[in-house]
Amino acid sequence: MIDLRSDTVTKPTQAMRKAMARAEVGDDVYGEDPTVNRLQEMVATMFGKKAALFVPSGTMANQLAIRLHTQPGQEVIVESTAHIVRYEQGAAGALAGVQLHWVAGNRGLISPEQVEAAIRPKDPHTIQTALVCLENTHNSGGGTIYPLATIERIRAVTATHGIPMHLDGARLFNAIAATTLPPASYAQHFDTLSVCLSKGLGAPAGSLLMMNDLSLLDKAKRLRRMYGGAMRQSGILAAAGIYALEHHIGRLKEDHDHAKRLARRLEQIPTVRINHQDVDTNIVIFDVIGHRLSPPAIVTALKQEGVLINAIGGTSFRAVTHLDVSGAMTDEACEIFSRVLGD
Ligand SMILES: *Cc1c(COP(=O)(O)O)cnc(C)c1O
């Protein structure tokens, strides 16, 4: 089976499992897990931040950030199809007590002018804007890369208003691999940012929340405990993350090439709507229009032929390339798409 549902379906390689088995561990709630400490230092250094905190999931990293920067009753500006909006079970409202202010983006990206217009005036009637969150690459936008210049201009807007910024960088490594920009060039514009080890990097679990302000780190550790994310001998997981950072960043470009190949092939199928130029990284979002099968039936038909993808609402589908999808599997998936969707 060629599983293109998500880059989260990867399984740890034998070499990664060996690194996990060898990991030196301790109780991380006491700060005594040397492997977790090494991972945190490694990631903080890589992104030019003072601190990084290991947490179980990207959702937790985002939610700690939202809680850190806001008070209940305030508002967070976020793109309307962001992970924080769609896939975090309303945690920003439920756990931080904030309201999300959705801004409709173009392939997930919002402009400095939109951010400026969304910031609330400081009058006594109006809800107060506490935070702006961006997502890079943007998942629902189709793995879209935020141009650094746009981020710089958004930062300039929020700085005039004294509003902090958080980056949901679950797939920031994909943006870094595609652009070859230094990690810190993105990170410098955010007060906090998260990265996932369990997406394209292929680790079984774990994210990091980074910041420069060490008083935020202390608060983040307490909130992580409150949210049930303080772990003990988590060096076993951190070792997988270190292995992934050392061995799996360089190869992300292969995933991007595979995604482009899929997109070019899909473009040739009459029932498919996609522009391969919109595929920046490893996510391929396309529409199937006027096919005799319904979207769920298309997913089933592809599955019967050996390819798994997700229907993501309406006529849209998502295919994601990753560590466990080779060039040969990509070619086979192309054949299956042509056969099933061209039928
Ligand atoms: C996957 C993802 C996350 C975090 O997901 P978890 O499953 O909680 O690790 C956050 N943001 C984006 C954009 C994602 O794609």
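No hydrogens, no waters, no symmetry mates; every other heavy atom, side chains included, goes into these values. Since we're looking at a predicted model, the values are computed, not measured. Indexing begins at 1, ligand by ligand and atom by atom, following the structure's order.
Remark: minimum distance from atom 8 (O) of ligand 1 to any protein heavy atom is reached at Thr59 OG1, 2.6 Å. In terms of protein heavy-atom proximity, atom 11 (N) of ligand 1 is closest to Asp168 OD2, 2.6 Å. Of the protein's non-hydrogen atoms, Gly58 N, 2.8 Å is the one closest to atom 9 (O) of ligand 1.
Only one option out of His83, Arg86, Arg318 pairs with Asn139 in a side chain to side chain donor-acceptor pair (under 3.5 Å); it is Arg318.
Taking the charged nitrogens against the carboxylate oxygens, Arg251 and Asp255 do have a contact shorter than 4.0 Å, which makes a salt bridge.
More than 12 heavy atoms of other residues, nucleotides or ligands lie within 6.0 Å of CZ in Arg120, so this atom counts as buried by the packing criterion. Within a 6.0 Å sphere centred on CD of Glu24, other residues, nucleotides and ligands contribute 12 heavy atoms or fewer.
Counting only non-hydrogen atoms, the option in Met60, Lys199, Glu135 that gets closest to atom 1 (C) of ligand 1 is Lys199.
The N/O atoms of Ser198, backbone and side chain alike, include none that comes under 3.5 Å of an N/O atom in ligand 1. Polar contact check, Glu88 against ligand 1: no nitrogen or oxygen pair lies under 3.5 Å apart.
Neither the backbone nor the side chain of Ile84 comes within 4.0 Å of ligand 1, counting heavy atoms alone.
Contact between His138 and ligand 1 is absent, with no heavy atom of the residue lying under 4.0 Å from the ligand.
Counting the atoms of ligand 1 from 1 in the order shown, those under 4.0 Å from a heavy atom of Ser57 are 8 (O), 9 (O).
For Ser207, the side-chain contact (heavy atoms from CB on, under 4.5 Å) test picks out Val55, Ala61, Cys196, with sequence neighbours left out. Under the side-chain contact (heavy atoms from CB on, under 4.5 Å) criterion, Pro270 pairs with no residue at all, not counting sequence neighbours.
For the atom pair Thr330 OG1 and Leu4 CG, the distance stands at 7.5 Å (nearest 0.5 Å).
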